[in-house]
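One structure is given here, and the rest of the page talks about it.
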Amino acid sequence: MIYTVTFNPSLDYIVSVNGFELGKTNRTDSELLLPGGKGINVSIVLKNLGIDNTALGFMAGFTGEEIQRRVEEIGVKADFISIEDGISRINLKLKNIEGTEINGQGPKISKEKREELLQILDKLKEGDVLVLAGSIPSSLPDDIYKNIMKRLEKKNILIAVDATKDLLLNVLEHHPFLIKPNNHELGEIFGVELKTRESVIPYAKKLQEKGARNVLISMAGEGAALVAEDGSIYLAEAPKGTLVNGVGAGDSMVAGFLAGWLEKHDYRHAFHTGIAAGSASAFSEYLASREEVQAMYEQVTSKEYKEQ
């Protein structure tokens with residue numbers, strides 16, 4: 001079974017407002033309300049690819065109930081822990097004003113509720129897959145990912161971590177199966193600017209030296225790179241297409257990589273499936289369907305893509 005954890009899920013209110021003006025009443029031209037959070041995005045894309053999984057995390061108030069309803073409506077099993085106080089966050093994303101969003105805070109998670117989640121994770125068995133993705137609310141300790149991995153390290157569970165800075169660096173000693181920084185996050189860790197696929201390789205190897213097994217680097221329009229556990233390195237240009245919605249593209253890449261790995265246990269296939277899923281989501285209104293990923297996979301594996 002695959003499990004994803006989203007500590008601070010959201011309802012994403014995605015709107016476009018043509019001719020937006022500050023200080024005036026603006027009206028939306030389009031609206032979309034979706035369950036959000038990196039782990040939830042991974043769960044949805046996995047389900048779209050035909051892989052059953054369970055989404056774990058916390059929910060509170062009417063927004064939490066709506067997040068769970070929408071996740072289950074998609075077909076993902078949601079096993080969220082209910083928090084009595086506060087509400088799950090609402091994130092406002094202005095679609096046609098690039099990079100502009102207002103994210104809510106979410107509820108406070110008590111020590112007791114945190115322990116409840118840990119007890120659920122204790123039930124994972126050998127061969128299960130766990131995805132820890134996204135930022136954590138301020139009410140949680142910043143070593144929560146590390147503590148989860150330490151707690152599970154003797155169970156032979158494949159763990160993927162998609163996080164930034166210390167949240168990511170702290171887990172490396174526990175040998176995550178997959179980490180997926182983007183080139184900007186990778187550069188921030190080492191204090192460098194990384195713009196080309198080739199330039200990320202030495203720094204991805206440094207993360208391997210610190211304990212990561214596979215390092216997948218997403219680079220938006222520049223493509224992606226993988227430094228695999230078996231020593232192989234894969235580079236790929238970005239597929240051709242029109243960017244429609246970049247939200248969730250990186251999460252889709254994680255889902256695609258895991259789906260490809262579980263299907264064939266082949267890093268090249270996993271890499272291609274990851275790029276296909278990430279690009280298909282970026283070129284779609286919402287997260288990619290199985291058909292969209294399959295169509296993009298054909299482009300990803302065509303001769304125009306260069307690999308090392």
Side-chain angles (χ1 to χ4, degrees), residues 4-8 37-39 41-42 99 101 103 130-138 140-150 152-153 158-238 246-258 261 267 270-271 274-275 277-279 282 308:
T4 67
V5 177
T6 308
F7 284 102
N8 209 2
K38 294 178 74 63
N41 290 340
V42 172
E101 52 187 80
N103 289 348
L130 176 64
V131 180
L132 302 172
S135 60
I136 58 172
S138 58
L140 288 176
D142 56 11
D143 60 355
I144 183 69
Y145 281 8
K146 176 182 178 179
N147 290 339
I148 288 172
M149 291 193 64
K150 184 177 181 180
L152 300 176
E153 65 182 350
L158 291 185
I159 300 180
V161 178
D162 187 3
T164 59
K165 295 184 179 178
D166 290 343
L167 205 56
L168 175 63
L169 291 175
N170 286 343
V171 306
L172 297 182
E173 64 183 282
H174 298 291
H175 308 292
F177 172 72
L178 176 70
I179 61 172
K180 194 216 66 64
N182 63 38
N183 57 308
H184 302 297
E185 293 162 349
L186 183 63
E188 194 173 333
I189 289 171
F190 293 102
V192 295
E193 188 174 9
L194 303 172
K195 293 184 177 181
T196 65
R197 293 184 295 277
E198 290 78 10
S199 69
V200 305
I201 300 303
Y203 298 98
K205 288 182 176 179
K206 288 179 183 292
L207 294 184
Q208 267 192 334
E209 291 168 5
K210 293 177 181 291
R213 293 171 58 186
N214 297 286
V215 184
L216 177 63
I217 305 100
S218 57
M219 303 185 69
E222 181 62 23
L226 170 68
V227 177
E229 183 177 21
D230 63 2
S232 57
I233 296 172
Y234 300 97
L235 308 174
E237 300 172 10
V247 176
D251 311 324
S252 300
M253 179 178 282
V254 171
F257 184 94
L258 291 174
W261 174 255
Y267 286 122
F271 181 57
I275 297 171
S279 299
Q308 181 175 326

(message) Quick one, Leu130 and Ile148 - any side-chain contact, counting heavy atoms below 4.5 Å?
(response) yes
(message) Rounded to the nearest 0.5 Å, what separates atom CD1 in Ile275 from atom OG in Ser252?
(response) 13.5 Å
(request) Mind listing the closest non-hydrogen atom pair of Pro181 and Leu186 along with its distance? (result) CB-N, 4.3 Å
(request) Locate the shortest heavy-atom distance separating Ile201 from Ala225; write the atom from each residue and the value. (result) CD1-CB, 4.0 Å
(request) Give, for atom CG of Leu132 and atom CG of Leu168, the distance between the pair rounded to the nearest 0.5 Å. (result) 11.0 Å
(message) When you compare the side chains of Asn170 and Asp166, does any donor N or O come within less than 3.5 Å of an acceptor on the partner?
(response) no
(request) First locate atom CG of Leu216, then atom CG of Asn182, and finally report the distance between them rounded to the nearest 0.5 Å. (result) 10.5 Å
(request) Check the pair Val215 / Ile217 against side chain to side chain contact (heavy atoms under 4.5 Å, CB included), numbers first and verdict last. (result) CA-CA 6 Å; Val215 184; Ile217 305 100; 3.9 Å; yes
(message) Any carboxylate oxygen within less than 4.0 angstrom of a Lys/Arg side-chain nitrogen, looking at Arg197 and Glu222?
(response) yes
(message) To the nearest 0.5 Å, what is the distance between NZ on Lys38 and OG1 on Thr4?
(response) 12.0 Å
(request) For Asp251 and Val42, work out which heavy atoms get closest and say how close. (result) O-CG2, 3.5 Å
(message) Can you classify the ring geometry of Tyr267 versus Trp261 as parallel (below 30°), tilted (30 to 60°) or perpendicular (above 60°)?
(response) parallel
(message) I'd like to know if the side chain of Asn8 reaches the main chain of Pro137, judged simply by a donor and an acceptor atom lying under 3.5 Å from each other, with no hydrogens or angles considered.
(response) no
(request) Supply the atom-to-atom distance Phe271 CZ to Met253 CE, rounded to the nearest 0.5 angstrom. (result) 7.0 Å
(request) Please say which of Lys210, Lys150, Lys146 ends up in a salt bridge (Lys or Arg N to Asp or Glu O under 4.0 Å) with Glu173. (result) Lys146
(request) Would you please test Val161 and Met149 for side chain to side chain contact (heavy atoms under 4.5 Å, CB included) and show each step? (result) CA-CA 10 Å; Val161 178; Met149 291 193 64; 4.0 Å; yes
(request) Using the side chain to side chain contact (heavy atoms under 4.5 Å, CB included) rule, take Ile136 and Tyr145 through it: C-alpha gap first, then chi angles, then the decisive distance, then the call. (result) CA-CA 9 Å; Ile136 58 172; Tyr145 281 8; 4.0 Å; yes
(request) Find the distance between CG (Asn214) and CG (Leu158) and round it off to the nearest 0.5 Å. (result) 9.5 Å
(request) Compare every heavy atom of Val227 with every heavy atom of Ala204, then report the nearest pair and how far apart it is. (result) CB-CG2, 3.6 Å
(request) Return the minimal non-hydrogen interatomic distance between Leu258 and Ala160, and the atom names on each side. (result) CD1-CB, 4.3 Å
(message) Under a 3.5 Å distance rule, please check whether Glu229 uses its side chain to pair with a backbone N or O of Leu178 as donor and acceptor.
(response) no
(request) Would you name the heavy atoms of Ala220 and Ala238 that are closest together and state the gap between them? (result) O-CB, 3.7 Å
(message) Go through it in stages, so that I can follow the logic: the residues are Leu207 and Tyr203, the test is side chain to side chain contact (heavy atoms under 4.5 Å, CB included), and I'd like the CA-CA distance, side-chain angles, deciding distance and then a yes or no.
(response) CA-CA 7 Å; Leu207 294 184; Tyr203 298 98; over 6 Å; no
